[in-house]
Every structure is written in structure tokens, then in C-alpha cells.
> 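Take a look at this one; I'll ask things after.
Just so you know, these numbers use all the heavy atoms, side chains as well, and skip hydrogens, waters and symmetry mates. The shown structure was predicted, so the numbers you read here are calculated from the model rather than taken from an experiment.
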Amino acid sequence: MSNSNIRVRFAPSPTGPLHIGGVRTALYNYLFAKKMGGTFILRIEDTDQGRYVPGAEEYIIDSLRWCGLLPVEGPGFGGEYGPYRQSERKDIYGEYAVQLVKNGKAYYAFDTSEELDAKREAEKAKGNHNFRYDNATRNEMKNSLTLSGEETQKRLAAGEPYTIRLKIPVDETVTFTDLVRGEVSFETNELDDKVLLKADGMPTYHLANIVDDHLMKITHVIRGEEWLPSSAHHILLYRAFGWEATMPQFAHLPLILKPVGNGKLSKRDGAKFNMPVFPLAWEAEAAEDSFSGFREFGFLPEATINFLAFLGWNPGTEQEIFSLEELSAAFSIEKIGKAGARFDYDKAKWFNQQYIHAADPQQLKELVRPLMAAKGYEVSDEFLVSYCELMKDRVVLLTDFIDEGQYFFTGVSSFDDQNIAKRWSPEVKTSFESLTGIIEQATDFDAASLEAAVKSFINDNGLKMGTIFPLLRIALAGTMKGPDVFKMIELLGKADTVGRLQKAVKYFDNI
RNA sequence: GGCCCGUUCGUCUAGGGGUUAGGACGCCGCCCUUUCACGGCGGAAACACGGGUUCAAUUCCCGUACGGGCUACCA
């Protein structure tokens, strides 16, 4: 499958639906792997038992599948480095944590969450807002550094709850080169002694991540910017394990920001701006926790991917429409931007429009068919293909195929009264009825022949196109908008067309 | 508050010591047209600010402002 040693992973936490920023992270990992001939891996980081949400893992995989970003290795995908679900690797982490303690790189801590919370509150009351469990404060805490070896062993033997914390060195500067940001530095005196192993025996993200990335031979860690501050801890962990030589390279992605206002894009913004912020719909008990997705809004996966790819990256050329394959070929980490990117829903729609315009009507038919079925509209494949051909230039979302041409399937439900009143008169009515007759008697029922027949009728009777055409259109569609009138007539067929015209005349008379 | 990261049109961005600062979305106008679209053409619209460095800075450096992230036994 791969012809290089490049291995990247997308490592989401199954705590709910995968938001669109997560999809972009997956995309960049995927593109980088493809570009380099490497391997794209999915790893499920379910070490927080409290936040685990059933169905979330399935949702993640469904989303990746919809986007066309399937991993080569991962839960359900096989691979030599499994299991790929961290909850199934629980036993591994404890041993590594203990190894660190033995090497003096980590220590047992007996302070409970409650005690630490109380400590923070107490410090805050004294005006110290940044209490940290770190190399300055750990000597005041209950841990294997302050307790005698005997006491520590006694507590462990007694089954007293404990965590294992990373012993951050004093007075060092941790510097590394981020592939997106360049050189980044942190002072170890500013770093806290992160918990590596929790009291429930589960590892924290920090431990599990480093151990798994090492064991799975990950070469590049491409993740969101929210991880930048803890990267120093991760570097220190690689050093503590003696794995620095094979440490992966880091690339921290800029975040996706709200369309307006401050902060990063949140699930709330979907409802607020009537736009999707998840790839697929997510059903939860509470309505406010249920969401529609890009798919349900009528986006093509290719367009969604194309849009996402350009949120924080661009190829440096003026080409904007890229297939997944083209993106893979053009992708490079150096072209990733550093600043956060605002989510631009108009641009997302534009991408989708471009893909619909370029799509084959046969293909559109397949995509529109389920939407039709949901509405209870039943038409033949042939009709639907022609309809898609007719409408695709005036559609932005797949759902517009339903909304914009509803009258094709349901008949006209409301007429544009204002425009009827402007043109309708007894004289026009007479002409209109004659015109209906001409259409009824037409032998060649194709758009070109119909147009010729109607135009010669208009000319022969000294009528105005500007009067007849709009009325014809409104009679058939109810609105002034829509595709070519004669193509509409051809698609509707003689019986339907004549029926609509007769019905319209009655209605027009009553305006 | 502390730490880290960032800052080119409203938005996504290209560019980079000397450019008429380019493209796209959106917006406006014109053309095409039986309508709406599509398409074509054109327009308004940006280097956050202050100091350096330099013959020259939007581009390099330092500050400031602003924005973002992190600051849990969550990821």
C-alpha cells in the first residue's frame, strides 16, 4: 500500500459528532500521506470513560467514508500495529508509566482531584491565580518525591488511589521546529507536571499519544493548534523514554474561526447561522444536541473537501477546484497558513455550485433521487435526468433541486399574482387560449419545434413576446424564475402542459 | 492573570526589500437573455500601529495594539 515510511494518524476522541475542523485535520493528514506515498491511520482516543459517547466512533468512520478519507489502518480496517482503540491498549500504558517512574522521569502522586481543587481555590483566595502542580510546587505535595520510599510503597500496597506525573526538569528551554510555525520554545519552569496515568488506570492523552505514536511508528503529527502548548510536554516525554531519535515531526494547524464574532467555530454556530458545522447529521436525545450536516444541507462530499482544504491551505496557484487526487498531488505542509481561518459559508456554497455545474446529470440523478423519495415525489429516471440537466445551472445545493423546481413534481401551488395582473387582459386571454391549442396540436413535442411554433404564432398575430412568454412561464411554474420555457414544456409533456395552461387561465381570470 | 501562536481587501488568500500589491467568495455596474440562473466584461475594496535596520520596507528586527489557543486525573 505504501512506498515510504511516512505514517500519519488522525486521532479523534469519540465524545460526540466529529466537527468540521476535525474533518479538516483528517483531510490534511490524508493528503500528506497520499502525497508522500505514506500510510494514513485512524486511532480512536477513548481514554476518557466519562466523556465517551456511544455511536461517536461509528459517526467518525461514516464521516470519513462520506468524505472519501478512509484510513489504511484503524479499528475495522486492519493493520499491524493494532489495536487502534486506546481503551483496548490500556495495559500497555501503565507499564510505560511505571518505567518512567523507575527512571526518575516521573513520580507517583497521591493528591486527589478534590484536594487539588481545594488547593487551587485556596491559592486563588490568596491572590495567586496560577497555581500549578510543577517543579516549584511538587515539593509541597503528596507524592513519591516528598514521601519516603517506604511510605510510598505502603500507600501503593494499600491500594490508595494515585496518579503518575511527569517530572518536568528545572531551568531548561524546550525548542522544536514546527512544520507550520517554525521554531517554537517553552521554558520548563512554565510547564506543569502533567498527569500521565490517571487514578482509574487509564492514561491521559499525553501518555497514550506518545506511546502509541511511537509504537505505531508515526512520523508526522498533524493536529490542531490547541495542542501547541502541550507539545513541550510531548517532546519531554519522548526524551524521558529515550525515543527522541525517532520522534515524529509536528505540524500544528490553524483553527477554524466563527464566521463573525470572536472565537473558534462551535457547534452552536450551525444553528445560529443556519449552516452545517458537521459533515453528517447527528441525532441526540436533546434537540439542541442534534445537528444536520453538510450532507443533509445538500453538499457534495467532493465540494465539502475542496472547501475545507482551502480553509488554511492553498496551492499557491490560482486554481481552486481540486479533486481529492489533485489535492493530494498539490498538497504540502509548507503551504499551510499560520493564522486562524474564518469559516466562510458563502464560499462553501460556491464550491458546491461549481461541482454541481460540472456534474453529469446521470450522476446528479442518483444524488437527487433520495431527496425526492423523502418528499414522496415519484418520477422516472429519464425525467429526473432531464430535470437535473435543466436545473443544474440554477442550483447551489442538492436540496435546491427539490426546492427550486418543486412545481415540476407537485404542480403550481402559488402564482406570481403581481406579474399576472400586469399582463393579463381579455385580449391576451384569447391569444393565450389559441396558444394552448397550438401546443395541444403540436406533433413534434421538442423544445425547438415548440419554440418555432409559438414564436410564429406570436408574430403572425402581432403579439408581444414580453407579454406571452412571462404568462406562459407563470402558468407552468407559478413564478418568473426558471429554465427555458420550451424545455420546461418538453419535459412536462403535452398532457401536463395543457392541463396547467387551462388551470392557469381560470386562475388568471380571478386576479 | 501567565505561557505560546498569529495579524495583506468584509472573508479565504498569493506575494515578498524597489509590484499599477494578484486571484477567489461576497457586493455593485454593464453585456448576454422571454424570466431566473449560468457565462463574459468592468468596479469599489487590504499590507494593524509605532520604532528601528536599509539608498529603499507591506516584506527583516523590536515593541504596542488586536485576535487566537492553552492554562483539568478532557481530549
> Expressed as a whole number of Å, how far does the P atom of G6(B) sit from that of C41(B)?
39 Å
> I'd like the P distance from G15(B) over to A72(B), given in whole Å.
38 Å
> In whole angstrom, give me the gap between the P atoms of C28(B) and A75(B).
49 Å
> With nearest nucleotide decided by heavy atoms, which residue, V395(A) or N130(A), maps closer to the 5′ end of RNA chain B?
N130(A)
> Can you tell me how far P in C3(B) sits from the matching atom in C60(B), rounded to whole Å?
25 Å
> Between the side chains of D193(A) and N135(A), is a donor N or O closer than 3.5 angstrom to an acceptor N or O?
no
> Using whole Å, what does the distance between atom P of nucleotide C12(B) and atom CD of Q319(A) come to?
21 Å
> To the nearest Å, how far apart are R473(A) CZ and A37(B) C1'?
10 Å
> Using the C1' atom in both, what is the distance from A44(B) to C25(B), to the nearest Å?
15 Å
> Rounding to an integer number of Å, can you tell me how far D134(A) CG sits from C3(B) P?
14 Å
> Please determine, for A56(B), whether a Watson-Crick or G-U wobble partner exists with both distances under 3.5 Å, and give it or none.
none
> With a non-hydrogen cut-off below 4.0 angstrom, is K464(A) in contact with a base, only sugar-phosphate, or nothing?
nothing
> Rounded to the nearest 0.5 Å, how far apart are OG1 of T25(A) and CH2 of W227(A)?
11.5 Å
> Assign G224(A) to base, sugar-phosphate, or nothing according to its heavy-atom contacts below 4.0 angstrom with the strands shown.
nothing
> Regarding D48(A) and Y205(A), do their side chains bring together a donor and an acceptor under 3.5 Å, going by distance alone?
no
> In whole angstrom, what separates E389(A)'s CD from A37(B)'s P?
19 Å
> Any idea how F432(A) and W424(A) line up, ring-wise: parallel (<30°), tilted (30 to 60°), or perpendicular (>60°)?
perpendicular
> Could you let me know what U7(B) is paired to, Watson-Crick or G-U wobble, both distances under 3.5 Å, or none if it's on its own?
A65(B)
> Mind checking if H252(A) touches a base, just sugar-phosphate, or nothing, with heavy atoms under 4.0 Å?
nothing
> One character per nucleotide, please: for nucleotides 68-75 of chain B, 5' to 3', B when the base has a protein heavy atom closer than 4.0 Å, S when only the sugar-phosphate does, - otherwise.
SBS--BBB
> C1' atom, C74(B) versus G69(B): distance in rounded Å?
15 Å
> Main chain of D213(A), side chain of R9(A): is a donor-acceptor contact present, judged purely on distance under 3.5 Å?
no
> Using Watson-Crick or G-U wobble geometry with both distances below 3.5 Å, tell me the partner of G1(B), or none.
U71(B)
> Report which part of the nucleic acid P483(A) touches: base, sugar-phosphate, or nothing (heavy-atom distance under 4.0 Å, all strands).
base
> Mapping E187(A) and E320(A) onto RNA chain B by nearest heavy atom, which one lands closer to the 5' end?
E187(A)
> With heavy atoms under 4.0 Å as the rule, sort V184(A) into base, sugar-phosphate or nothing.
sugar-phosphate
> Does a sphere of radius 6.0 Å around CD in E88(A) hold more than 12 heavy atoms from other residues, nucleotides or ligands, not counting ones at 6.0 Å or beyond?
yes
> Below 3.5 Å, does any donor atom in the side chain of R394(A) face an acceptor in the base of C36(B), or the other way round?
yes
> Looking at every strand, decide which applies to E404(A) at a 4.0 Å heavy-atom threshold: base, sugar-phosphate, or nothing.
nothing
> Identify the nucleotide, in any strand shown, that forms a Watson-Crick or G-U wobble pair with G26(B), with both distances under 3.5 Å; if there is none, say none.
none
> Between A24(B) atom C1' and F307(A) atom CZ, what is the distance in whole Å?
13 Å
> Any donor-acceptor pair under 3.5 Å joining the side chain of K347(A) to the base of A24(B)?
yes
> What distance, rounded to whole Å, do you find between the two P atoms, one in A46(B) and one in G22(B)?
11 Å
> If you check the H357(A) side chain, which of G2(B), U34(B), C38(B) turns out closest?
C38(B)
> When the distance from CG of L179(A) to P of C5(B) is rounded to whole Å, what number comes out?
16 Å
> How is G482(A) classified with respect to the nucleic acid when contacts are heavy atoms under 4.0 Å: base, sugar-phosphate, or nothing?
base
> How about F343(A) and F273(A): are their ring centroids closer than 6.0 Å?
no
> K392(A) NZ to C38(B) P: how many Å, rounded?
14 Å
> Write down the distance separating the P atoms in G18(B) and U59(B), rounded off to the nearest Å.
11 Å
> Using both distances under 3.5 Å as the test, list the Watson-Crick or G-U wobble partner of G39(B), or none.
C31(B)
> Classify the nucleic acid contact of R181(A) as base, sugar-phosphate or nothing, counting any heavy atom under 4.0 Å across all strands shown.
sugar-phosphate
> How many Å lie between CG on N314(A) and C1' on U8(B), as a whole number?
13 Å
> With rounding to the nearest 0.5 angstrom, report the OG1 to CG distance, T146(A) to D111(A).
7.5 Å
> Just grab all the salt bridge (Lys or Arg N to Asp or Glu O under 4.0 Å) pairs involving residues 254-268 of chain A, residues at least two apart or on different chains.
K258(A)-D269(A), R268(A)-E288(A)
> For residues Y28(A) and W313(A), establish whether the separation of their ring centroids is below 6.0 Å.
no
